[in-house]
Amino acid sequence: MSRSELADFLRRRRDALRPDQVAATATHPPGRRARRAPGLRREEVAALAGVSVSYYERLEQARAPRPSPEVLAALGTALRLTAAEREHLARLAGQVPPGTDADRGPVPTHAHRLLHRLGPIPAYLVDERQEIVAWNGAAAALITDFGLLPPGERNTVTLSIRLGGTVCSAREGAEGEFTRQSAAQLRVASTRYPADRVLGERINEFAAHSPDFAAGWRDHDVRPVPTLRKRLRHPRLGELELDRQTLLLPGTDLQLVMYTVEPGSPSATALARLGGRDD
């Protein structure tokens, strides 16, 4: 159980939940002291979860014993947590065993086969560290030849920090969205693999070099964002607008990342001229 991480997660999820998002009878009636923050108060969350205020306060102060599965379920309901957030909460509370290196097998044959069958759709696979472990030729032709990169640089966050604003950028108004989402994904990974030294070093490196990553890490937001709009400047095809779509491969820690375009758009016409060889 990671008491400090659990406490921080609960505080941030409580701060993010507005009183108007819960039943009026569960919050304090008008006339109580003015709110100093937009989120719920501790006593309101305790009432919603059916636990004592003192116990919930100890949870947020990292002083409480391990909560039971029933308490975690009640807290998840009280804080309106998503399925991903509930799983993260259970891992922080030590109710789910941490992963081991035995859980990380080689890239399955069917995953390589899937990449090949995607044909002209640029796609690659990332592991829980956001390392690019396999790719198809279209992805290499669109982004970079990953096979020529040192293994330590085949990482989506590393490439984003290094190439951000030059080769690839976010849509207007969503700057830093990808990096913050990467922080959320690595937050989940660090909870599943708390003894992973390389993962910890990666996280420290990214936080030191990217304010957006550091902010995303502090937010403790673990909700997945399956689609992000990206702009990419290709030396031969020009500027493209792409949707970066992420899918979890069942039974693995691998995520399939695909880059798609609006049918009939200029980007679709340009992307049709892309060619490449699989890894």
Side-chain angles (χ1 to χ4, degrees), residues 1-18 21-23 26 39-105 126-130 180-200 202-203 207 213 216-226 246-255:
M1 175 177 172
S2 176
R3 285 186 173 84
S4 60
E5 291 290 303
L6 175 63
D8 187 51
F9 180 69
L10 291 173
R11 283 194 301 269
R12 291 185 181 275
R13 295 285 69 78
R14 175 173 61 84
D15 289 343
L17 188 61
R18 301 189 310 273
Q21 293 177 287
V22 301
L40 292 186
R41 300 186 178 105
R42 287 175 175 173
E43 57 265 32
E44 292 170 339
V45 174
L48 287 166
V51 300
S52 70
V53 176
S54 62
Y55 175 71
Y56 183 76
E57 287 178 342
R58 293 200 303 276
L59 280 175
E60 284 204 5
Q61 294 166 355
R63 296 189 297 111
R66 176 182 299 176
S68 67
E70 293 76 17
V71 169
L72 292 179
L75 289 173
T77 300
L79 293 169
R80 304 297 193 266
L81 300 185
T82 64
E85 289 171 327
R86 286 173 181 263
E87 180 181 350
H88 186 65
L89 177 65
R91 289 189 182 279
L92 290 176
Q95 297 292 355
V96 180
T100 66
D101 288 339
D103 299 328
R104 298 164 163 154
V126 295
D127 64 11
E128 72 285 350
R129 296 173 182 162
Q130 298 303 297
R180 289 191 293 270
Q181 170 64 9
S182 298
Q185 293 171 317
L186 290 174
R187 170 73 80 171
V188 173
S190 71
T191 304
R192 179 165 187 179
Y193 296 101
D196 188 332
R197 179 183 57 81
V198 174
L199 177 60
R202 284 283 196 191
I203 290 168
F213 185 94
W217 183 265
R218 288 193 301 270
D219 284 346
H220 225 305
D221 187 355
V222 296
R223 292 169 294 183
V225 179
T246 306
L247 301 172
L248 179 65
L249 289 189
T252 75
D253 279 340
L254 299 175
Q255 292 180 321

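- Proximity of E128 to R192: side-chain heavy atoms (C-beta onward) are nowhere separated by under 4.5 Å.
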Verdict with reasoning, T77 to R86, per side-chain contact (heavy atoms from CB on, under 4.5 Å):
CA-CA 9 Å; T77 300; R86 286 173 181 263; 3.1 Å; yes
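- Considering only residues two or more places apart in sequence or on other chains, R58 meets the side-chain contact (heavy atoms from CB on, under 4.5 Å) condition with S54, Y55, R63, A64.
- Once rounded to the nearest 0.5 Å, the distance linking CG of L6 with CG of L72 reads 7.5 Å.
- Proximity of a side-chain donor or acceptor of Q130 to a complementary backbone N or O of A183 within less than 3.5 Å is not detected.
- In this structure, CD in E57 is found 13.0 Å from CG in L10, a value given to the nearest 0.5 Å.
- Looking at L59 and L75, their side chains come closer than 4.5 Å, going by heavy atoms from C-beta outward.
- Inter-residue side-chain proximity for E5 and R187 is flagged as met; some heavy-atom pair is nearer than 4.5 Å.
- The line from CZ of R41 to OH of Y56 is 14.0 Å long, rounded to the nearest 0.5 Å.
- Partners of A7 by side-chain contact (heavy atoms from CB on, under 4.5 Å), not counting sequence neighbours, listed by chain and number: R11, A62.
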Between L89 and L79, is a side-chain contact (heavy atoms from CB on, under 4.5 Å) present by the stated rule, with each step listed?
CA-CA 11 Å; L89 177 65; L79 293 169; over 6 Å; no
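- Annotation: the span from L92 atom CG to S4 atom OG amounts to 9.0 Å, rounded to 0.5 Å.
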Stepwise, does the side-chain contact (heavy atoms from CB on, under 4.5 Å) test hold for Q181 with T246?
CA-CA 11 Å; Q181 170 64 9; T246 306; over 6 Å; no
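- Side-chain contact between E85 and F9: present, with at least one pair of heavy atoms (C-beta onward) separated by less than 4.5 Å.
- Residues S190 and R91 bring no donor and acceptor atom of their side chains to less than 3.5 Å of each other.
- Within the 4.5 Å cutoff, the side chain of L199 has heavy atoms near those of the L186 side chain.
- Once rounded to the nearest 0.5 Å, the distance linking CG of L48 with CD of E43 reads 11.0 Å.
- Residues H220 and H88 have side chains in contact (heavy-atom distance under 4.5 Å, counting atoms from C-beta outward).
- Remark: L249 pairs with A111, L114, L125, T252, L254, L256 by the side-chain contact (heavy atoms from CB on, under 4.5 Å) rule, at least two apart or across chains.
- The two residues A93 and P67 make their nearest non-hydrogen contact at CB-CG, 4.0 Å.
- Note that CG of D253 is 7.5 Å distant from CG of L248, once rounded to the nearest 0.5 Å.
- Using modelled atom types, no side-chain atom of R13 and backbone atom of G76 make a donor-acceptor pair closer than 3.5 Å.
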